[in-house]
Amino acid sequence: MRIAVCMKQVPAASEGNMDPETGVLIRTGLEAIVNVYDLAALEAALQLKETYGAQIHVFTMGPAKAEHVLREAFAMGADEGYLICDRAFAGADVLATSYTLKQAIGSAGRYDLILCGKQTTDGDTAQVSGALAKWMDILHVSWVTEISEISPNTVKICYNMDNRVISAQAELPCLLSVEKDAFVPRMPSLKLKISGRKKEIHMLDMTSFEDRNEENYGLKGSATRVRRIFPPERTKRRELVNVSKEKAAEYIWNILNTDVQEERV
């Protein structure tokens, strides 16, 4: 069984400056970490590898320093790593990002299962996995909490739906986006971390893809544009109040009601 896992490097900070022309986050100078939701997807793949045997290939899209994502994946037990890196891919929205991932995964062969995190901490759209599955014309299931009983053609899963947990059987190949709390990432192995420093990373750029039309990637291939984005204003007004629980709700309501009235004036 071959499993592809999509992972992303994201800023460690929750704030950053935006390019006023493109609306894209300026990542220069921001500390980068692996998206925590994607670590859950990798853990799900590792558990399947331990139970059923599998080759785990990790794909990450970003600048050269995103190699760190793959090195961390190697330290946890991934077998192969692919870095999707080309200036033409910069500034991609959900549509262009998912299309780039589709081209990258397709260039590496056929996979029985593709795993993604539920969302990323920098974009929070939770749309890339669904768009990727659409491009690949395969089944997509979100909010997956359990993956079990894999056969050559099917996999049994559980996923959250409103206030219920649904058990289902899905045909392979398929794409699953998993819940973070359902697959708690393991600690990296020191032995694998050392060996992972020497592992080859497969570099993918535009020339690696079947579709080499630059109009389909990055800002050019994006269907959406960010017109304006800004961090929320932070008030400097602070007040420490010690009241009983009976009075707390009334006190908060009065403060909020006063703010609303001031805005209307």
Side-chain angles (χ1 to χ4, degrees), residues 1-14 31-62 65-84 101 104-105 108 111-124 126 128-129 132 140-151 155-160 165 167 170 172-202:
M1 181 169 62
R2 299 178 84 228
I3 302 175
V5 180
C6 298
M7 302 181 68
K8 185 181 181 183
Q9 188 178 64
V10 297
S14 60
E31 180 187 355
I33 60 173
V34 181
N35 179 48
V36 293
Y37 294 95
D38 297 339
L39 288 173
L42 178 58
E43 176 60 31
L46 293 170
Q47 291 180 17
L48 292 175
K49 179 180 179 178
E50 292 169 348
T51 304
Y52 299 98
Q55 277 282 314
I56 299 175
H57 295 188
V58 174
F59 293 80
T60 190
M61 177 178 162
K65 67 178 182 179
E67 174 185 324
H68 167 70
V69 173
L70 302 176
R71 297 297 177 194
E72 187 162 340
F74 290 153
M76 293 177 67
D79 299 292
E80 302 289 342
Y82 294 81
L83 177 56
I84 310 163
L101 288 171
I105 293 172
Y111 290 90
D112 303 290
L113 191 62
I114 300 172
L115 298 178
C116 299
K118 181 175 68 172
Q119 62 195 76
T120 59
T121 56
D122 58 347
D124 279 331
V128 170
S129 60
L132 174 57
H140 170 238
V141 183
S142 294
W143 311 301
V144 173
T145 57
E146 184 179 339
I147 308 171
S148 62
E149 297 186 38
I150 293 182
S151 71
V155 57
K156 288 189 176 181
I157 58 174
C158 292
Y159 62 95
N160 290 329
V165 176
S167 296
L172 298 176
C174 66
L175 188 152
L176 308 176
S177 54
V178 305
E179 289 281 11
K180 178 171 67 71
D181 295 338
F183 301 95
V184 179
R186 65 194 63 192
M187 292 295 293
S189 160
L190 178 58
K191 180 179 179 180
L192 291 177
K193 189 172 185 178
I194 294 173
S195 63
R197 293 173 182 170
K198 302 177 182 178
K199 284 182 71 74
E200 177 188 4
I201 289 178
H202 306 285

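By convention here, the first residue in the shown sequence is residue 1. The structure displayed is predicted, hence computed values, not measured ones.
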* **Stepwise side chain to side chain contact (heavy atoms under 4.5 Å, CB included) check, F183 with Q47** => CA-CA 9 Å; F183 301 95; Q47 291 180 17; 3.9 Å; yes
Is there a side-chain contact between [X] and [Y] in this structure, where contact means two heavy atoms from C-beta onward sitting under 4.5 Å apart?
X	Y	result
L176	C174	yes
H140	S177	yes
I105	C6	yes
D112	I3	no
L172	V155	yes
I150	T51	no
V128	L101	yes
E80	V58	no

* Structure fact -> Output for pair (L70 CG, H202 NE2), nearest 0.5 Å, gives 10.0 Å
* ring-ring contact (aromatic ring centres under 6.0 Å, His included) with Y159: which residues, sequence neighbours excluded? -> none
Atom of [X], atom of [Y] and distance for their closest heavy-atom approach:
X	Y	answer
P173	Y111	CB-O, 3.4 Å
S148	Y52	C-OH, 3.7 Å
K8	T60	CA-OG1, 3.8 Å
E67	I201	CG-CD1, 3.0 Å
R2	A108	NH2-O, 3.3 Å
G196	F74	O-CD1, 3.6 Å

* Is a salt bridge present between E50 and R186, judged by a nitrogen-to-oxygen distance below 4.0 Å? -> yes
For residues 114-121, dump all side-chain donor-acceptor pairs below 3.5 Å to protein atoms at least two apart in sequence or in another chain.
unit_1	atom_1	unit_2	atom_2	d
K118	NZ	E179	OE1	3.4
Q119	NE2	D124	OD1	2.9
T120	OG1	D122	OD1	2.8
T120	OG1	G123	N	3.3

N/O donor-acceptor pair under 3.5 Å between [X] side chain and [Y] backbone:
X	Y	answer
S189	M76	no
N160	V165	no
N35	Q9	no

* Apply side chain to side chain contact (heavy atoms under 4.5 Å, CB included) to the pair E72 and L39, showing each step before the final yes or no. => CA-CA 10 Å; E72 187 162 340; L39 288 173; 4.1 Å; yes
* Pairs in or reaching into residues 193-202: which pass salt bridge (Lys or Arg N to Asp or Glu O under 4.0 Å), with residues at least two apart or in two chains? -> none
* Asked: Would I33 and H68 satisfy side chain to side chain contact (heavy atoms under 4.5 Å, CB included), going step by step from the backbone distance to the final call?
  -> CA-CA 8 Å; I33 60 173; H68 167 70; over 6 Å; no
* To do: Output, in order, the C-alpha distance, side-chain angles, deciding distance and verdict of side chain to side chain contact (heavy atoms under 4.5 Å, CB included) for L48 and L113.
  => CA-CA 11 Å; L48 292 175; L113 191 62; 3.6 Å; yes
* If the plane angle is over 60° it's perpendicular, under 30° parallel, otherwise tilted; pick one for Y82 and H57. => tilted
